[in-house]
Amino acid sequence: MKTPHLDPCSWRPPSHLVQPQPCTRALIPLRPRFGRFLAPHPIGHLSRPRPKPYLGSGCHAARAALRHARISSTKECSIPMRPGPVVTRIAPSPTGDPHIGTVFMALFNLAFARRHGGRFILRIEDTDQGRSTRESEEAIFAALTWAGIPWDEGPDKGGPHGPYRQSERLPIYEEHVARLVQAGRAYPCFCNAARLKSLREEQLARKEDPRYDGHCRHLDPALAATRIAAGEAHVIRLSVPDEGECVVPDRLRGEIRIAWSTVDHQILRKTDGFPTYHLANVVDDRLMGVTHVIRGEEWISSLPKHVLLYEGFGWELPEFIHMPLLRNPDKSKLSKRKNPTSVTWYREAGYLPEAVVNYLGMMGYTLPDGREMFTLEEFIASFDIDRVVLGGPVFDLAKLNWLNGRYLRESLSPAQILERLHAWRLNDELLLKALPLAQKRLTTLADFMPMAGFLLRGALDYPTAELAGSDGACTARWLRIALWELEQLRPFTAATVRGVFEGMVEKEGVALRELLAPFFLAVTGAKVSLPLFDSCELLGADVTRRRLHEGLERLAAMGHELKGKTLKALEEDYRRRYTENR
RNA sequence: GCCGCGUUCGUCUAGUGGUUCAGGACGCUGGCCUCUCACGCCGGUAACACGGGUUCGAAUCCCGUACGCGGUACCA
C-alpha cells in the first residue's frame with residue numbers, strides 16, 4: 001500500500017506552514033516593505049504579530065524578514081492565529097550529573113513561556129534504561145531549584161498531562177507505535193546486529209551514508225505478526241521516503257532542508273519495548289500540548305524524523321527553535337573533560353545561582369537595552385527569542401567570575417553574604433564533620449582553621465613542583481587514572497574513595513603512602529592534612545574531581561601533559577586493567 | 001566521508017544597506033585613588049574569515065571557498 005509520504009516528490013510541511021516563494025531581494029516589494037512575509041505560525045500565540053521565519057538559506061535573510069515583518073501591521077496576517085497558551089518544556093535525560101546546558105535550555109524555555117503567558121513543563125526522558133537513574137533525576141530537580149528556575153508541571157509536582165516520566169508512559173507509546181504501523185508509517189524489523197553491522201560496513205565502503213536499507217519494510221504484515229506473536233525479537237522502524245527532501249521552518253534559521261535519502265529508518269521502539277527518544281519526544285510534546293520546541297541545535301539533524309512522526313499521526317507541527325550550543329574554549333560542545341559542566345560544581349564552588357543564571361542569560365543573547373546584570377524576572381520581562389544569536393557561545397569562567405563578584409559586592413549586604421556562606425558550606429554541619437578528623441591533630445583551637453581551610457577554599461595554592469615529585473609523568477598518570485575512576489564512582493563516600501585508591505595500589509604496584517602523596521597536595525593543598533578519603537567526601541565529588549583536574553593542568557603546564565598518543569595508550573591500558581571485568 | 005548548522009576584537013556581544021576607518025562588556029594592560037590588596041574611576045589593546053557578485057553605497061543581500069561545530073546508535 002502506498003503511503004503519501006513515500007511519494008518521490010519532495011515532502012513539505014502543509015503549504016500553510018511554508019511560504020512557497022524563495023526569498024530573494026528582487027521579490028521583495030518596496031512598499032509595503034515586507035508584508036509578504038507575514039504568515040504567523042498556526043499554533044503560535046504571541047503578543048505581537050510575528051512573521052514566518054523565513055526563507056532563503058541565509059539566516060540573515062530570515063532575521064531581516066523577521067525584523068521587518070515585526071513592524072508591519074496585524075491586518076496583513078492572512079492566516080488566523082490559533083488561540084491558546086504557549087507551552088514549552090525541557091526534557092532532560094537523567095544520566096550522570098545535572099548539566100549546566102540543561103539550565104541554559106530551561107532558562108530560555110521558561111522565559112519564552114512566561115513572556116507569552118504560557119506554561120513550562122519539566123519532563124524526564126528516561127527511555128534509556130541502562131543509563132537513567134533516579135539519583136540523577138533528583139539531581140536535575142535540585143539543580144533547577146537551586147538555579148531558581150521553576151516549572152509548572154513535572155514528575156515531582158504533577159499536572160494535567162502526566163505522568164511526566166517517560167518510563168511511566170509505556171502504554172501510550174505502544175498505542176502510538178501501533179497506530180503508525182497500522183498506517184504504514186512504521187514497520188517491524190527483525191534484522192539482527194550482525195546483519196546491521198555488515199550492512200553498515202558495506203555502505204561505508206561504498207562511501208554512502210550508513211542507513212537501514214529497508215530490508216524488512218515490505219515484509220508481509222501477516223507474516224510479521226506471526227513472527228512477533230512467536231516471540232521473535234524485533235524493533236519498530238520509521239518508514240522514511242527514499243527521495244525528495246524535508247523542508248521545515250525554524251524560527252531562528254529560516255528553512256532547514258534535509259534530503260530524505262540521508263535520514264535513517266530510525267528505530268522507534270527498541271527490543272526491550274521502550275520507545276527511543278524520537279518517538280517518545282514527539283508523542284509527549286503533542287500530548288502535553290507543547291507549542292514551541294526550544295532545544296539545542298544538536299537536534300537539527302533528527303528534525304526530519306520528528307516531522308515525519310507529526311505527519312504520520314496527522315498532527316500539526318509545533319514551532320521549532322534550535323538554540324546554539326554552549327562551547328568549550330576550543331569551541332567544541334561544552335564537555336566535562338574541558339570545563340566544569342555539573343551544576344553541582346558551580347554550587348559547591350561558591351557561585352551564586354543568580355549570577356550563574358544571569359551569565360547563562362547572556363550566552364547567545366543580550367537584553368534589548370544591553371544590560372549585563374539582570375534578575376530572572378527582568379530577563380523574562382523583556383525576553384525576545386528572536387534576539388538569540390546563532391554562533392555557539394564559549395562558556396567563559398573568567399566572565400562568570402566577574403559577574404559573580406559583582407553580585408557579591410553590589411547586590412548583597414554583609415549579613416546576606418553571611419547567610420549565603422552558611423547555606424553554602426560554612427556551617428555547623430560541615431564543621432562537625434571535619435572536627436572529628438582534626439581533633440587528634442589539635443594543639444590549640446587556632447590550629448583548626450589552617451587544617452580545615454581547604455574545605456572552604458576555591459583555588460588551592462601549592463607549589464606545582466611538589467605535586468610532580470620526583471617523577472612528574474608518573475604523577476600525571478596516577479591523577480588521570482584516579483580521575484577516570486572517580487568520575488564513575490557512585491556513591492562518592494570516604495569508603496568508596498578508599499576502594500578506588502586501594503585498587504590503584506594493587507594495580508600500580510605502589511605503596512598507598514607513596515600513591516597518596518600527590519593527592520593530598522592536589523585535593524587539600526598541603527602535604528600534611530586531614531585524612532584524604534574523608535576530605536574527599538566532605539568536599540564532594542564535583543570539587544574533588546575539579547581539584548584533581550587542576551592538578552593535571554598544573555602538571556601539563558610543567559611539561560607533563562598527557563595528550564595524543566600517550567593519552568590514548570594510557571586510556572586503553574586503563575580500560576584493560578581497570579574496567580575490563582567489572 | 002556524507003548531511004546539516006554556523007562565522008564581528010582572545011571571549012560574550014551591539015549592529016534591521018548610507019549616521020560605524022564598527023559600539024559596549026570580560027580578559028590583558030597603563031594610570032588615578034589608597035596603610036596593602038581588592039573594589040572603584042580614567043585610558044590603552046584588539047574584530048566584520050576569504051573571494052566573487054548585486055548596489056551610487058555592503059559587517060549587513062546573493063553565490064562560492066575556507067574554517068569551526070553538530071549529526072551520522074536498539075544514547076539523549
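Predicted model only: the values in this text are computed from it and were never measured. Lettering follows sequence order; numbering is per chain, from 1. These numbers come from the heavy atoms of this one structure, side chains and all, not from hydrogens, waters or symmetry mates.
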How many angstroms lie between CD in A/Q416 and CG in A/L408, if you round to the nearest 0.5 Å? 11.0 Å
Does the gap between the ring centers of A/Y407 and A/W402 come in under 6.0 Å? no
Short side-chain N/O contact from A/K399 to OP1 or OP2 of B/C28, under 4.0 Å: no
OP1 or OP2 of B/A76 under 4.0 Å from side-chain N/O of A/T95: no
Does the ring of A/F313 carry A/R179 above it, NZ/CZ under 6.0 angstrom from centre and within 45° of its axis? no
Review item, nucleotides 40-51 of chain B N/O atoms under 3.5 Å of protein N/O:
from, atom 1, to, atom 2, distance (Å)
B/G40, OP1, A/R409, NH1, 3.3

Please determine whether side-chain hydrogen bond (donor to acceptor under 3.5 Å, both in side chains) holds for the pair A/D128 and A/S132, giving the CA-CA distance in whole Å, both sets of side-chain angles, and the decisive distance to 0.1 Å. CA-CA 6 Å; A/D128 185 341; A/S132 301; 5.6 Å; no
Would you say the ring centers of A/F395 and A/Y359 fall short of 6.0 Å from each other? yes
Would you indicate what A/T271 reaches in the nucleic acid, counting non-hydrogen atoms under 4.0 angstrom: base, sugar-phosphate, or nothing? base
Check: protein-nucleotides 30-32 of chain B nitrogen or oxygen pairs below 3.5 Å:
none

A/R387 atom CZ is separated from B/A14 atom P, nearest whole Å, by 6 Å
Taking only side-chain N and O atoms of A/K305, does any of them lie within less than 4.0 angstrom of OP1 or OP2 on B/G71? no
With respect to the phosphate group of B/G68, does any side-chain polar atom (N or O) of A/K333 fall under 4.0 Å of OP1 or OP2? no
Determine the contact category for A/G391: base if any of its heavy atoms lies under 4.0 Å from a base atom, sugar-phosphate if only primed atoms, P, OP1 or OP2 are that close, otherwise nothing. sugar-phosphate
Taking the P atom in each of B/U54 and B/C62, what is the distance between them to the nearest angstrom? 15 Å
Quick one: label A/S261 by what it contacts on the DNA or RNA (base, sugar-phosphate, nothing), any heavy atom closer than 4.0 Å. nothing
A/T127 side chain N/O closer than 4.0 Å to the phosphate oxygens (OP1, OP2) of B/A76? yes
I'd like to know if A/S93 reaches the base of B/C75 with its side chain, counting only an N/O donor and acceptor under 3.5 Å. no
Heavy atoms only, 4.0 Å cut-off, all strands: where does A/I300 land among base, sugar-phosphate and nothing? sugar-phosphate
Which residues pass the side-chain contact (heavy atoms from CB on, under 4.5 Å) test with A/N401, not counting sequence neighbours? A/Y351
Could you tell me how the ring of A/F108 sits relative to the ring of A/F104: parallel (under 30°), tilted (30 to 60°) or perpendicular (over 60°)? perpendicular
So A/V394, base contact, sugar-phosphate only, or nothing? Heavy-atom distance under 4.0 Å. sugar-phosphate
Give me the distance, rounded to whole Å, that separates B/G6 from B/C63 when you measure between the P atoms they each carry. 12 Å
Qualifying residues under ring pair (Phe, Tyr, Trp, His ring centres under 6.0 Å), relative to A/W424, sequence neighbours excluded: none
Is it the case that the ring center of A/F274 lies less than 6.0 angstrom away from the ring center of A/Y173? no
For A/M363 and A/V235, take the nucleotide of RNA chain B holding the closest heavy atom to each; which residue's nucleotide lies nearer the 5' end? A/M363
All pairs passing ring-ring contact (aromatic ring centres under 6.0 Å, His included) where residues 229-249 of chain A contributes a residue, at least two apart: A/F190-A/H234
Using a strict heavy-atom distance below 4.0 Å, which residues from residues 324-332 of chain A are in contact with RNA chain B? A/L325, A/R327, A/K331, A/S332
